[in-house]
Amino acid sequence: MQKKKGALGTLWAWFAVAALVLADQASKRWALAELAPVGTMEWIPGIMNLTFTKNTGAAFSLLEGFRLGFVVITVVSIGLILVLLLHPTYRVRGLGRVGLILVLAGAIGNFIDRLFYGYVVDFFDVAFMNFAIFNVADICITVGGALFVLGMLMEVIGHKENKEKEQDAHAGV
């Protein structure tokens with residue numbers, strides 16, 4: 001029965017990755033078709049605009065023009081994430097797993113853009129402060145990274161608490 005539960009969990013993980021990548025790519029296709037010709041449109045007044053941008057860099061447009069480097073880094077990152085999701089020895093579970101699934105979807109979404117366009121399509125533009133323009137994949141990467149770190153911290157804390165309980169039990173406390 002354990003195998004079925006693991007297989008079902010893996011199936012849902014792949015479904016989630018596919019759905020998030022499709023949502024990212026669909027939103028970028030919309031931005032290319034509808035937003036690129038007009039540049040910017042107000043979406044939620046005073047909060048969020050939609051501004052078409054070609055990002056040749058990384059997060060916050062850092063390292064612009066480093067396309068081959070991004071491709072290599074992305075392939076290596078996707079490989080490491082797959083190991084953490086699938087390898088029995090290193091498999092990440094719980095909240096950390098959810099985080100990795102989000103990061104994987106975001107990495108694949110932006111990777112597709114780099115391969116086909118040579119840049120990443122960004123369009124969410126925070127209107128009330130000076131912030132980087134971003135996309136659905138960037139949201140997945142950011143939220144996923146935070147969930148992964150939180151999940152790993154919870155695992156370390158839980159492991160430490162279990163160890164302390166074991167030591168107390170052995171000491172007769």
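Residue indices begin at 1 and follow the sequence shown.
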In terms of hydrophobic clusters joined by side-chain contacts under 4.5 Å, are [X] and [Y] together?
{"X": "V71", "Y": "I141", "result": "no"}
{"X": "L22", "Y": "Y117", "result": "no"}
{"X": "V83", "Y": "I81", "result": "yes"}

For this session: Please examine the side chains of D113 and Q25, heavy atoms only from C-beta on, and report whether any two atoms are closer than 4.5 Å.
Result: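 Q25 vs D113: side chains touch.
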Exercise. Is the shortest heavy-atom distance from the side chain of M41 to the side chain of N49 under 4.5 Å?
Worked result: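 SC-SC contact between M41 and N49 ruled out.
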For this session: Show your working on side chain to side chain contact (heavy atoms under 4.5 Å, CB included) between W14 and L104 and close with a plain yes or no.
Result: CA-CA 10 Å; W14 293 124; L104 179 62; 4.0 Å; yes
For this session: Could you give me the CA-CA distance, side-chain angles and deciding distance for V121 and Y119, then say whether side chain to side chain contact (heavy atoms under 4.5 Å, CB included) is met?
Result: CA-CA 7 Å; V121 175; Y119 58 86; 3.8 Å; yes
Locate the shortest heavy-atom distance separating [X] from [Y]; write the atom from each residue and the value.
{"X": "L102", "Y": "C140", "value": "O-CB, 3.3 Å"}
{"X": "I101", "Y": "A16", "value": "CG2-CB, 4.0 Å"}
{"X": "V120", "Y": "R114", "value": "CG2-NH1, 3.3 Å"}
{"X": "V103", "Y": "G145", "value": "CG2-N, 3.4 Å"}
{"X": "G106", "Y": "A137", "value": "O-CB, 3.3 Å"}
{"X": "A31", "Y": "F123", "value": "CB-CD2, 3.8 Å"}

Distance, nearest 0.5 Å, that separates [atom1] of [X] from [atom2] of [Y]:
{"X": "M152", "Y": "L147", "atom1": "CE", "atom2": "CG", "answer": "11.0 Å"}
{"X": "I112", "Y": "T74", "atom1": "CD1", "atom2": "OG1", "answer": "11.5 Å"}
{"X": "R93", "Y": "L100", "atom1": "CZ", "atom2": "CG", "answer": "12.5 Å"}
{"X": "T51", "Y": "F124", "atom1": "OG1", "atom2": "CZ", "answer": "11.5 Å"}

For this session: With sequence neighbours left out, write down each residue that passes ring pair (Phe, Tyr, Trp, His ring centres under 6.0 Å) with F111, or none if nothing qualifies.
Result: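 In terms of ring pair (Phe, Tyr, Trp, His ring centres under 6.0 Å), with neighbours along the sequence ignored, F111 is linked to no residue.
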Exercise. Got a sec, which residues hit ring pair (Phe, Tyr, Trp, His ring centres under 6.0 Å) with W30, two or more places apart in sequence or on another chain?
Worked result: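 For W30 there are no ring pair (Phe, Tyr, Trp, His ring centres under 6.0 Å) partners, ignoring immediate neighbours.
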Exercise. Does R97 use its side chain to pair, donor to acceptor, with the backbone of L85 at less than 3.5 Å?
Worked result: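 Checking the backbone N and O of L85 against the side chain of R97, a donor-acceptor pair under 3.5 Å is found.
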Problem set entry | Main-chain N/O of I139 paired with T142 side-chain donor or acceptor, under 3.5 Å |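 No, T142 side chain to I139 backbone: no donor-acceptor pair under 3.5 Å.
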Problem set entry | Residue from I133, V38, L35 passing side chain to side chain contact (heavy atoms under 4.5 Å, CB included) with F52 |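 The option that passes is L35.
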Exercise. N55 and side-chain hydrogen bond (donor to acceptor under 3.5 Å, both in side chains): which partner among N110, D122, N135, D138?
Worked result: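 Of all the options given, the one that passes is D122.
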